[in-house]
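Note that the structure is a prediction, hence the values are computed from the model and not measured. Both backbone and side-chain heavy atoms feed into the values below; hydrogens, waters and symmetry mates do not. Letters A, B, ... are given to chains in the order of the sequence lines, protein chains preceding strands, and every chain is numbered from 1.
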Amino acid sequence: MNDARKTILDRLRLAHCPDSTPVKCDDQNDPVDSVLGSDERIDCFINRMRAVRTEVHDASHDSWLDILHGVCQARSLNNLLVSPHTRWGAMIYAEIRRFPALKDYSQTIEDWKPELFTAVDAAVTGAYGGIAETGTVILWPDAHEPRAMSLVPPIHVVLLEKSRIYNSLTEAMRIQNWTLTGMPSNVILLSGPSKSADIEQTMTYGVHGPKELIVILM
Amino acid sequence: MNNRVVSEKPQAVYFYGTCLIDLFYPQAGIGAIELLRREGVSVIYPQSQTCCGQPAWNSGYRDEALAVARRQLALFPRPIPLVIPSASCAGMMKMHYPALFRDQSDEATALNVAGRVYELTAFLVDVLDIRLTDLGDPVSVVVHTSCSARRELGVGDKLHTLLRQLHNVEILEPENSAECCGFGGTFAVKQPEISAAMALDKAATVRATGAQRLVSQDCGCLMNIGDVIEKQNQVMPRQHIAELLWERTKN
Amino acid sequence: MSTEFRSNVAHALKQDAVQTHLRTVVDRLRAHRQGALSDDAAFEQLRNRCEAIRADAIRRLPDLLEQFESNAQRNGIQVHWAETTLQANQIVLGIMQQHRATFLVKGKSMVSEEMGVNAFLQSHGIDCLETDLGEFIVQLADEKPAHIIVPAIHKKRREIARLIHGHFPGLPYNEDIETLAQSVRHFMRDKFRAAPVGLTGVNFMVAETGTLCLVENEGNGRLCSTLPPVHIAVTGIEKVIARLDDLPPLLNLLTRSATGQPITAYVNMINSPRRPDDKDGPDEVHLILLDNGRSRIAGDPELLETLHCIRCGACINHCPVYRQIGGHAYGTVIPGPIGAILEPQKQGFNAAAGELPQASTLCGACAEVCPVRIPIPAIINRLRWESVRKNQQSQNSRPVVPGAGSGRKPLEALIWKIWAWCCTHPGIYNRLTKLATRLRNRLPADMGVWTAVRKAPKPAQATLHEHLRTMNIDHE
Ligand code: SF4
């Protein structure tokens with residue numbers, strides 16, 4: 001298929017436009033970037049997330065464990081997939097008796113696919129950041145909190161520090177320096193639970209991904 | 001869009017009647033000329049004018065469009081505005097002559113003419129700042145803004161600016177007002193089924209307003225919508241905006 | 001003159017129920033977009049930015065593709081190039097065979113539709129399961145998508161209920177949308193679990209980082225690209241953008257133009273296959289870059305803007321022609337205004353799609369809403385010219401669009417010649433128009449389809465030229 005590559009690139013190079021200097025645009029900033037104060041930013045984040053059927057709890061470092069406990073009770077969860085190796089996970093494991101059975105994603109997916117698919121009620125992960133403008137959580141999966149945690153279980157609980165809420169995606173990418181620090185295999189921007197309007201443009205939730213998204217701010 | 005090019009009121013303008021008005025709606029042309037003259041602008045009507053060339057241009061017959069357009073260019077030598085009571089034809093000259101004449105020997109002339117083109121309602125509002133006194137009886141009109149006025153030239157609102165000066169005229173908007181009526185020039189010939197379906201929809205929304213008259217700045221749309229309404233044995237006289245304005249404000 | 005397109009149209013216009021339904025849904029999509037783009041000034045600024053990003057990417061396409069390729073490869077993504085859809089299909093088949101896979105799950109991808117990958121693999125004994133709800137419905141009905149964003153836009157809930165009931169006879173018949181979606185979810189879960197290969201499209205490729213970006217709401221794209229051991233992504237070569245910084249504005253306008261959402265539920269950025277530390281994710285990620293005529297289109301300074309498209313579907317939703325005839329009448333993978341300019345360029349004027357530039361009134365609604373400001377009416381005009389032009393300039397041995405000139409019909413060409421002759425001879429023109437006014441009551445009342453719904457137009461009693469000769473005005 002190297003032939004195809006060469007043919008395509010050659011044809012493109014022969015195209016009319018030998019000028020390959022970048023096209024400039026005066027409007028370099030996202031005009032929708034509104035730079036909000038920190039309280040407004042958090043309010044904006046909460047409102048936007050709630051608008052897409054996300055349950056948001058405005059908690060604190062002191063109260064978040066209680067909130068999480070309440071979330072589990074309200075849904076009578078039998079178990080919770082959460083890593084003991086993250087800062088928040090360790091705190092949850094420290095109060096292990098308060099919570100439903102805690103499970104760790106400690107093996108590769110191949111080793112426990114059936115269980116992951118059928119026997120996990122909910123997963124808790126941390127977030128790499130939040131975006132106020134769109135009501136979005138940034139997920140940065142790693143060895144402790146693999147990709148499927150936010151995808152396969154029917155309920156996904158996200159723990160997000162308020163100080164990591166940015167105005168916009170652009171701002172998050174720049175401040176967190178995504179290009180230089182390097183990204184994990186997969187980055188997910190999450191804005192609400194799975195949904196579809198494919199039938200008569202009527203919104204329905206939980207089509208393939210999690211049916212419920214719960215965000216606990218601290 | 002404010003397409004004001006001259007800063008002062010010109011003493012004279014060229015008037016381009018368009019082939020559709022020439023053959024089907026001469027009263028629109030006469031109304032427009034009377035309005036201009038009442039504002040103290042003398043009107044020059046080159047009798048050799050025929051068609052702007054748009055039908056051929058939109059059909060891909062660029063050689064033919066060019067030949068016809070070239071004949072029109074020669075009619076407007078003086079550096080005065082060229083007023084056209086149709087956004088569609090004004091759009092052709094203003095927006096498409098530059099492309100049609102690109103790399104032709106008379107490109108400069110074409111650009112010069114294109115730069116002087118005004119759609120009538122825009123000219124009345126932006127250049128003449130016309131003031132109208134309504135002398136007519138109360139009437140309700142439904143407005144159809146042509147796609148050329150609305151999107152190509154960005155002068156769709158001028159029609160409303162003019163009508164709002166007439167205190168006895170009630171302005172009604174059809175539902176889905178921004179949608180095309182389905183005329184599209186040669187489109188109506190090449191894809192008559194789609195054109196008919198669109199025209200029926202447009203006529204239905206226009207009729208649903210219950211207005212007494214249909215008004216537009218473009219005669220192609222008027223003909224398309226009006227002929228559907230007539231076919232349905234409904235009475236809703238259609239009028240070009242210039243005809244309506246002149247009829248209601250002349251002494 | 002009945003063409004394939006005209007008979008498709010006739011068929012579509014007869015289906016009243018489908019038409020009414022289509023209009024309701026299209027109007028809803030328009031309203032959603034309108035609601036999401038209320039601030040005009042900010043919108044125009046963002047459009048400037050997006051227009052520049054796409055123009056820049058297409059202008060530097062070969063460089064950016066190479067940059068993307070080397071970054072993606074460094075990350076472990078296997079990049080394949082395909083000049084034709086057949087080559088692309090063969091690459092997919094090769095990967096399937098290499099893994100002895102007989103089944104794949106598919107996320108929504110218009111390029112995979114363009115390839116016809118389902119039928120191709122089927123003929124090699126491999127099953128493809130569409131997992132996007134809309135695509136799945138269309139697959140159950142054995143149809144093609146009628147819209148690029150809303151594949152089952154033409155289907156009413158009742159029809160969908162019947163399709164799903166027919167496919168899962170064990171489930172009770174139900175018309176509730178929630179229940180329908182849940183039945184599909186339930187069925188799909190096992191498939192995702194078992195699938196050896198997942199295939200998806202791509203919305204953007206970021207050259208600077210080698211990232212594949214996929215935008216979706218349902219999560220099936222994530223499942224297809226996360227759970228199976230092999231992920232194959234297919235995309236057109238034009239989908240590349242230079243920098244990660246280019247992504248936010250494009251995402252912003254893409255989702256808001258498409259459905260009025262500020263963002264989709266998921267933006268999935270794939271950087272690499274599973275790394276040594278990772279506990280999940282595919283072991284292999286393949287990307288197939290499809291040309292299929294795109295590099296030819298890139299060779300024309302005017303037509304290349306077609307490649308700026310980000311497939312938001314706004315032009316489709318706002319097209320009055322699409323609103324009447326729906327997606328299937330176009331007979332192409334991509335319908336609506338973007339389809340009417342893209343498909344003829346890909347397939348040539350000799351194909352049925354060659355007529356699509358005629359499927360427009362040039363009302364400009366498409367260009368008005370296009371987030372990257374593609375001048376669709378101007379490109380339609382250009383293509384109409386290409387279709388009927390004679391004497392192709394032979395500076396290029398090959399015409400820009402295959403089959404250029406083949407739309408030229410002798411009779412039509414003659415009519416335009418005569419028309420031009422009349423309009424360049426004012427004396428003749430005036431005599432003819434005058435004659436028409438004198439015969440105004442004797443002109444035919446039946447003018448085919450025109451008069452099926454309209455009264456025949458009737459010339460005035462006298463032409464404007466005549467009237468004005470008697471008025472005191474300067475005729476210069
Ligand atoms: S042409 Fe423009 S409006 Fe149409 S799908 Fe492409 S980007 Fe969207």
Locate the shortest heavy-atom distance separating [X] from [Y]; write the atom from each residue and the value.
X        : Y        : result
B:Gln49  : C:Tyr429 : O-CE2, 4.0 Å
C:Thr361 : B:Cys180 : OG1-SG, 3.2 Å
B:Leu23  : C:Thr433 : CD1-O, 3.5 Å
B:Ile194 : C:Ile325 : CG1-CG2, 4.0 Å
B:Pro26  : C:Ala460 : CD-CB, 3.3 Å
C:Trp419 : B:Gly53  : CH2-CA, 3.7 Å

* **Pick from B:Pro192, B:Gly184, B:Ala203 with the largest number of heavy-atom pairs that fall under 4.5 Å of chain C** =>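 If we count pairs closer than 4.5 Å to chain C, B:Pro192 comes out on top.
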
* Asked: Relative to chain C, which of B:Ala67, B:Gly182, B:Pro55 shows the most heavy atom pairs under 4.5 Å?
  ->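 Of the candidates given, the most pairs with chain C belong to B:Pro55.
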
Using heavy-atom distances under 4.5 Å, tell me whether [X] contacts chain C through its side chain, its backbone, both, or neither.
X        : value
B:Gln27  : side chain
B:Ser148 : neither
B:Ile33  : side chain
B:Ile30  : both
B:Asn224 : both
B:Cys181 : neither
B:Arg37  : side chain
B:Arg78  : side chain

* To do: List the steps, then state whether side-chain contact (heavy atoms from CB on, under 4.5 Å) holds for C:Asp474 with B:Val43.
  => CA-CA 7 Å; C:Asp474 193 348; B:Val43 174; over 6 Å; no

For [Y], does its backbone N or O pair with a side-chain atom of [X] as donor and acceptor, under 3.5 Å?
X        : Y        : value
C:Gln358 : B:Lys190 : no
C:Asn381 : B:Trp57  : yes
C:Arg384 : B:Ser59  : no

* Could you go step by step and tell me if C:Gln324 and B:Glu193 meet the side-chain contact (heavy atoms from CB on, under 4.5 Å) rule? -> CA-CA 10 Å; C:Gln324 293 291 340; B:Glu193 294 86 3; over 6 Å; no

* To do: Would you mind telling me which of C:Glu466, C:His318, C:Arg408 has the largest number of heavy-atom pairs within less than 4.5 Å of chain B?
  =>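 Ranked by heavy-atom pairs under 4.5 Å with chain B, first place is C:Arg408.
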
* Asked: Looking only at heavy atoms, which of residues 445-455 of chain C get nearer than 4.5 Å to chain B?
  ->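 Hits under 4.5 Å: C:Val449, C:Trp450, C:Thr451, C:Ala452, C:Val453, C:Arg454, C:Lys455.
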
* Under 4.5 Å, heavy atom to heavy atom, which residues of residues 19-32 of chain C contact chain B? ->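 From residues 19-32 of chain C, the residues near chain B are C:Arg23, C:Asp27, C:Arg30.
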
* **B:Glu179 with C:Arg323: basic N within carboxylate O range, under 4.0 Å** =>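 C:Arg323 and B:Glu179: salt-bridged.
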
* List the steps, then state whether salt bridge (charged side-chain N to carboxylate O under 4.0 Å, His left out) holds for C:Lys458 with B:Glu230. => CA-CA 12 Å; C:Lys458 195 174 190 179; B:Glu230 265 192 48; over 6 Å; no

* Asked: Among B:Asp22, B:Thr18, B:Leu20, whose side-chain contact (heavy atoms from CB on, under 4.5 Å) with C:Leu464 holds?
  ->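 Running side-chain contact (heavy atoms from CB on, under 4.5 Å) over B:Asp22, B:Thr18, B:Leu20 with C:Leu464 returns exactly one hit, B:Asp22.
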
